[in-house]
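As structure tokens, the structure follows; a few thoughts come after it.
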Amino acid sequence: MWRLGHHRPKRRGPKENEHNVTFLLILRHSFRPVLLPFSDLVCWDSSKCCEFRPGGSERVEKIDIDGDQSLRWDLVFKTGFLADVTGLCAISSAAHGVAFHSVRAPVPKSISAARSARILCLQDSNSNTKYFDFVVVGSGVAGLRYALEVSKHGSVAIITKAEPHESNTNYAQGGVSAVLCPSDSVESHMQDTIVAGAYLCDEETVRVVCTEGPDRVKELIAIGASFDHGDDGKLHLAREGGHSHNRIVHAADMTGREIERALLKAVDDEPNIHLFGHHFAIDLLTSQGNDEIYCHGVDTLNTEIQQIVRFIAKVTLLASGGAGHIYPTTTNPPVATGDGVAMARRAQAVISNMEFVQFHPTALADEGLPIKPTNRRKNAFLITEAVRGDGGILYNQSMQRFMPLYDERAELAPRDVVARSIDDQLKKRGEKYVLLDISHKPREQILAHFPNIAAECLRYGLDITSSPVPVVPAAHYMCGGIRAGLQGETNVKGLYVAGEVACTGLHGANRLASNSLLEALVFARRAVQPSIDHMTRSSLDIHASTMWTRPVLPTSLESHAMQEILFRTKTTRVELQSIMWEYVGIVRSTSRLKTAEWKIGELEAEWEEFLFRREWKPMMVGLQACEMKNLFCCAKLVVSSALARQESRGLHYIEDFPFLEESKRKPTIILPTSLKLTWSSQQAHKLAAGAPL
């Protein structure tokens with residue numbers, strides 16, 4: 001056995017298969033960060049080889065976020081990459097040398113000595129800095145699938161916040177949508193996706209994903225994923241809300257778990273991949289030169305031994321999932337605190353479509369169970385879309401079916417429609433949950449299709465084969481995120497994104513059921529070749545690690561001060577979640593959004609002031625504090641984006657503007673800030689100026 005965060009014993013190999021490897025590092029360009037003024041914003045459309053500047057013929061709408069002048073461009077989705085912004089890295093006062101030694105490392109017999117010298121990981125003498133060709137943040141389907149491919153070309157570090165299996169992928173029940181039936185077509189899948197996305201989807205992205213999806217599913221099967229088959233021996237294809245055909249490949253109601261199992265096994269068998277569990281990603285390491293921002297890796301906190309570990313890499317992939325925990329009830333696991341989006345925001349990446357937060361219509365409502373759970377769940381238990389796809393019917397507590405009153409597609413309407421309909425029923429009737437009934441279907445069929453749901457409900461005295469399931473909407477998926485091109489590229493060189501953390505344009509204003517795992521698979525694969533190309537053009541600089549000030553642990557604080565900080569952070573988190581649910585929920589209004597904006601700003605300022613009064617320093621980091629700053633960042637992005645969209649489209653329903661407007665059918669784009677500000681910079685500036693806190 002081996003421990004996460006350490007190299008596996010099997011990778012040391014027998015003595016006769018070990019060599020002393022000396023690394024020759026060639027510096028092709030300077031890693032020294034250069035801070036440049038925030039000059040003219042330039043949006044570059046590489047496909048057209050032209051520039052779009054504010055004040056030209058293109059109309060620009062401004063969004064105010066923390067005083068920044070961020071921009072929403074009236075351009076096609078692939079444009080909008082920033083070309084001249086301020087560097088985000090922290091610079092140390094002097095660059096000090098780092099002592100390195102030759103690494104006694106494993107050289108697999110199948111790898112030549114020359115190639116092994118290139119791919120094996122390098123680390124400094126005290127193991128606080130590690131060097132890899134590729135660093136992957138996140139161990140869900142996107143991160144693992146990408147790692148398996150790039151590991152054929154270099155060394156890979158997978159950094160994961162908790163255990164490797166603890167990801168949104170593991171909790172995905174429904175399946176992967178793909179055109180695998182002769183009666184189905186790519187055009188039909190595209191149309192369903194675009195309709196569900198309220199016509200805000202990028203058509204080119206939709207075509208790419210729907211076309212390449214079947215091959216990605218076949219690759220999963222080849223890797224070892226086992227999906228359900230029908231009596232005819234063919235894949236059993238289910239149907240979910242918004243789909244016009246049966247096209248959902250699934251493994252009962254535990255599809256994500258099966259995919260995660262197969263990918264983790266494949267990763268475990270790959271000698272070039274190193275897993276670092278319980279490593280929380282703090283911030284990306286960036287520099288600036290030639291009017292571009294470059295990513296060189298990431299700082300992490302080993303939460304098991306409380307140690308800062310720096311990963312320097314030629315290529316970084318963010319696949320860190322969503323931000324469901326900005327709300328009090330979410331189907332996301334505890335690790336989903338928006339870390340990737342917040343890090344990218346601080347690293348000057350372009351963010352898009354954050355107003356589109358998908359609430360899954362049917363999470364298990366514990367209040368309606370015969371036996372109540374003794375402890376509050378860390379994340380809500382999902383009742384998959386497939387239950388409605390299999391014939392499940394929604395009733396209010398008077399057993400009145402209500403979905404046909406809201407949409408002709410009834411229970412098979414897209415998620416945004418069903419969630420709003422349930423929300424309306426709950427508010428009108430003053431109830432806390434509705435009922436989802438599948439008991440009219442044969443018992444054997446229910447248990448075969450939904451064994452996990454049946455078992456979970458039975459734990460609390462509910463037999464779904466004879467009784468309806470109490471359900472309520474819960475925050476589920478972020479359709480917005482870090483703006484990405486067709487290869488998962490961002491405006492930050494060397495930084496790629498895939499999965500929920502990315503905004504590719506596929507989902508538009510609302511994600512079609514079971515398109516999330518599909519998107520993750522497609523974009524993880526598409527990011528591979530450009531990542532390899534970037535890696536081969538890059539080289540590691542052994543002095544690069546000294547170019548950024550290292551975060552520090554709050555070891556200098558008194559224990560009582562730390563306890564106070566932890567308690568205040570916990571209560572602040574609950575307050576933020578309450579604000580988001582009360583003012584930025586399923587149905588919104590301009591006045592409530594502005595109230596949320598003010599309340600969140602005040603809450604964040606009070607929290608930071610509390611920390612600094614207890615001697616918290618600007619470069620200090622801790623898991624709870626870092627998560628809190630990331631939650632604040634994502635919440636503010638959601639609110640600001642929601643205020644900017646003055647129409648109701650998809651998941652964003654605002655009472656002041658209840659209709660679609662064709663003139664506003666464009667993505668919301670948040671460009672980088674004009675100043676390099678860390679999460680605690682405002683308080684740091686106050687301290688430096690001697691201002692009272």
Side-chain angles (χ1 to χ4, degrees), residues 134-151 156-162 164-172 174-178 205 208-209 212-213 215-217 219-220 223 225 255-267 270 273 275 281 295 298 313 315-324 332-333 335-336 338-341 343-344 349 476-490 495-507 511 514-532:
F134 306 92
V135 164
V136 178
V137 181
S139 60
V141 59
L144 296 178
R145 189 68 191 89
Y146 172 89
L148 284 170
E149 292 300 319
V150 297
S151 67
V156 184
I158 298 177
I159 298 163
T160 182
K161 189 172 177 179
H165 66 268
E166 188 68 5
S167 65
N168 280 359
T169 296
N170 199 51
Y171 290 83
V176 186
S177 60
T205 301
V208 163
V209 172
E212 297 180 5
D215 287 340
R216 302 292 83 84
V217 171
E219 288 171 355
L220 272 184
I223 288 172
T255 309
R257 189 181 303 177
E258 170 58 19
I259 292 173
E260 188 81 0
R261 179 205 62 79
L263 290 175
L264 279 173
K265 183 180 184 304
V267 163
E270 173 50 59
I273 300 177
L275 272 166
C295 181
V298 62
V315 177
T316 301
L317 177 84
L318 277 181
S320 52
N332 294 180
V335 294
D339 308 320
V341 169
M343 283 193 298
H476 183 60
Y477 189 88
M478 305 294 294
C479 290
I482 305 163
R483 191 173 171 84
L486 280 174
Q487 271 69 49
E489 74 275 18
T490 71
L495 178 66
Y496 296 82
V497 292
E500 189 174 351
V501 75
C503 183
T504 66
L506 174 68
H507 306 308
R511 176 172 69 82
S514 289
N515 266 4
S516 55
L517 293 177
L518 174 69
E519 179 197 39
L521 288 167
V522 169
F523 274 88
R525 192 66 181 81
R526 290 184 70 84
V528 169
Q529 191 55 53
S531 296
I532 295 168

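One-based numbering along the sequence shown.
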Distance from [X] atom [atom1] to [Y] atom [atom2], nearest 0.5 Å?
{"X": "Tyr146", "Y": "Ile158", "atom1": "OH", "atom2": "CD1", "value": "11.0 Å"}
{"X": "Ile482", "Y": "Ser320", "atom1": "CD1", "atom2": "OG", "value": "6.5 Å"}
{"X": "Glu270", "Y": "Leu275", "atom1": "CD", "atom2": "CG", "value": "11.5 Å"}
{"X": "Ile532", "Y": "Phe134", "atom1": "CD1", "atom2": "CZ", "value": "5.5 Å"}
{"X": "Leu317", "Y": "Phe523", "atom1": "CG", "atom2": "CZ", "value": "12.5 Å"}

For Cys503 and Cys479 the tightest heavy-atom approach is SG-O, 3.9 Å
Assess the side chains of Arg483 and Thr490: does a donor N or O sit below 3.5 Å from an acceptor N or O? no
Are Ser177 and Ser514 close enough that a side-chain donor and a side-chain acceptor fall under 3.5 Å?
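No, because no side-chain N or O of Ser177 sits under 3.5 Å from a partner of the opposite role on Ser514.
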Open item on the list: Using salt bridge (Lys or Arg N to Asp or Glu O under 4.0 Å), reason through Arg257 and Glu260 one step at a time and then give a plain yes or no.
Closed with: CA-CA 5 Å; Arg257 189 181 303 177; Glu260 188 81 0; over 6 Å; no
The side-chain hydrogen bond (donor to acceptor under 3.5 Å, both in side chains) partners of Glu212 (sequence neighbours excluded) come to Arg526
### Query
Excluding sequence neighbours, so at least two apart, what forms side-chain hydrogen bond (donor to acceptor under 3.5 Å, both in side chains) with Glu219?
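Glu219 satisfies side-chain hydrogen bond (donor to acceptor under 3.5 Å, both in side chains) with Arg145, Arg216 once adjacent residues are dropped.
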Q: Determine, step by step, whether Glu519 and Thr504 satisfy the side-chain hydrogen bond (donor to acceptor under 3.5 Å, both in side chains) criterion, reporting the C-alpha distance in whole Å, the side-chain angles of both residues, the deciding distance to 0.1 Å, and the verdict.
A: CA-CA 9 Å; Glu519 179 197 39; Thr504 66; 2.6 Å; yes
Given Leu144, Val150, Val136, Val156, the one that forms side-chain contact (heavy atoms from CB on, under 4.5 Å) with Ile273: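 It is Val156, the one option of Leu144, Val150, Val136, Val156 that forms the side-chain contact (heavy atoms from CB on, under 4.5 Å) with Ile273.
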